[in-house]
Colleague: 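Sending over a structure as structure tokens; questions will come in a sec.
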Amino acid sequence: MRSETPAGAVSDSVDDSAPGDGLVKAGVVVFAIGALATLVTVAPLFLGTDPFPTVAYLVSMLMGVGFALAGAGVLRSVAAQRRQARSGTS
């Protein structure tokens with residue numbers, strides 16, 4: 001059938017990840033956890049209930065950590081692309 005993918009094409013696309021992709025993906029997950037924690041800790045302010053303990057506010061700081069991880073992944077990817085461009089290989 002023409003709609004099937006050839007076996008060789010699948011193995012070629014498996015190694016598509018760049019050097020910073022893992023850090024960016026981890027950063028997005030950590031940022032999302034921190035953003036959710038921020039929403040949860042801000043909710044009592046609007047609902048008029050008792051605030052959460054300090055630990056909840058510390059978890060919201062993961063938002064910044066996730067942003068830093070993703071930024072480090074982008075910088076690592078840029079550095080790898082620059083090295084590759086300098087060496088002249090593609």
Colleague: For V40, which fellow cluster members are found when Ile, Leu, Val, Met, Phe, Trp and Tyr are connected by side-chain heavy-atom distances below 4.5 angstrom, either directly or through intermediates?
Modeller: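 Listed partners: F52.
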
Colleague: So if you build clusters from Ile, Leu, Val, Met, Phe, Trp, Tyr with side-chain heavy-atom gaps below 4.5 Å, do M63 and F67 land together?
Modeller: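 As far as the 4.5 Å side-chain criterion goes, F67 and M63 are connected within one cluster.
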
Colleague: Give the minimum heavy-atom separation between P44 and P51, together with the two atoms involved.
Modeller: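 Nearest heavy atoms, P44 then P51: CB-CA, 4.2 Å.
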
Colleague: Applying side chain to side chain contact (heavy atoms under 4.5 Å, CB included), can you list everything that pairs with A32, at least two apart in sequence or on another chain?
Modeller: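 Side chain to side chain contact (heavy atoms under 4.5 Å, CB included) list for A32, sorted by chain: empty.
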
Colleague: Please say yes or no: joined through hydrophobic side-chain contacts below 4.5 Å, possibly via intermediate residues, are V65 and V28 part of one cluster?
Modeller: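 Result: no, two separate clusters.
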
Colleague: Checking one residue: L75. Which other hydrophobic residues are in its cluster under the side-chain 4.5 Å linking rule?
Modeller: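 Reading the cluster by chain and number, L75 sits alone, since nothing else belongs.
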
Colleague: Would you find a donor on one side and an acceptor on the other, under 3.5 Å apart, between the side chain of T38 and the backbone of G34?
Modeller: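 Yes; at least one donor-acceptor contact below 3.5 Å.
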
Colleague: Nearest 0.5 Å please: distance from the CZ atom of R86 over to the CD atom of Q84.
Modeller: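 Here the rounded value is 12.5 Å.
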
Colleague: Mind checking who shares a hydrophobic cluster with L47, ILVMFWY linked at side-chain heavy-atom distances under 4.5 Å?
Modeller: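 Direct or chained contacts put L47 with none.
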
Colleague: Indicate if L23 and I33 have the same hydrophobic cluster label, given that clusters are the connected sets of ILVMFWY residues with side-chain heavy-atom separations under 4.5 angstrom.
Modeller: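 Hydrophobic grouping puts L23 with I33.
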
Colleague: Who passes side chain to side chain contact (heavy atoms under 4.5 Å, CB included) against A37, sequence neighbours left out?
Modeller: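 Counting only residues at least two positions away or on another chain, A37 forms a side chain to side chain contact (heavy atoms under 4.5 Å, CB included) with V59, S60.
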
Colleague: Apply side chain to side chain contact (heavy atoms under 4.5 Å, CB included) to L36 and list each qualifying residue two or more places apart in sequence or on a separate chain.
Modeller: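 Once residues adjacent in sequence are excluded, L36 has no partner under the side chain to side chain contact (heavy atoms under 4.5 Å, CB included) criterion.
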
Colleague: If I compare all heavy atoms of V74 with all of V24, which pair ends up nearest, and what's the gap?
Modeller: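 What the structure gives for the nearest pair is N-CG2, 3.8 Å.
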
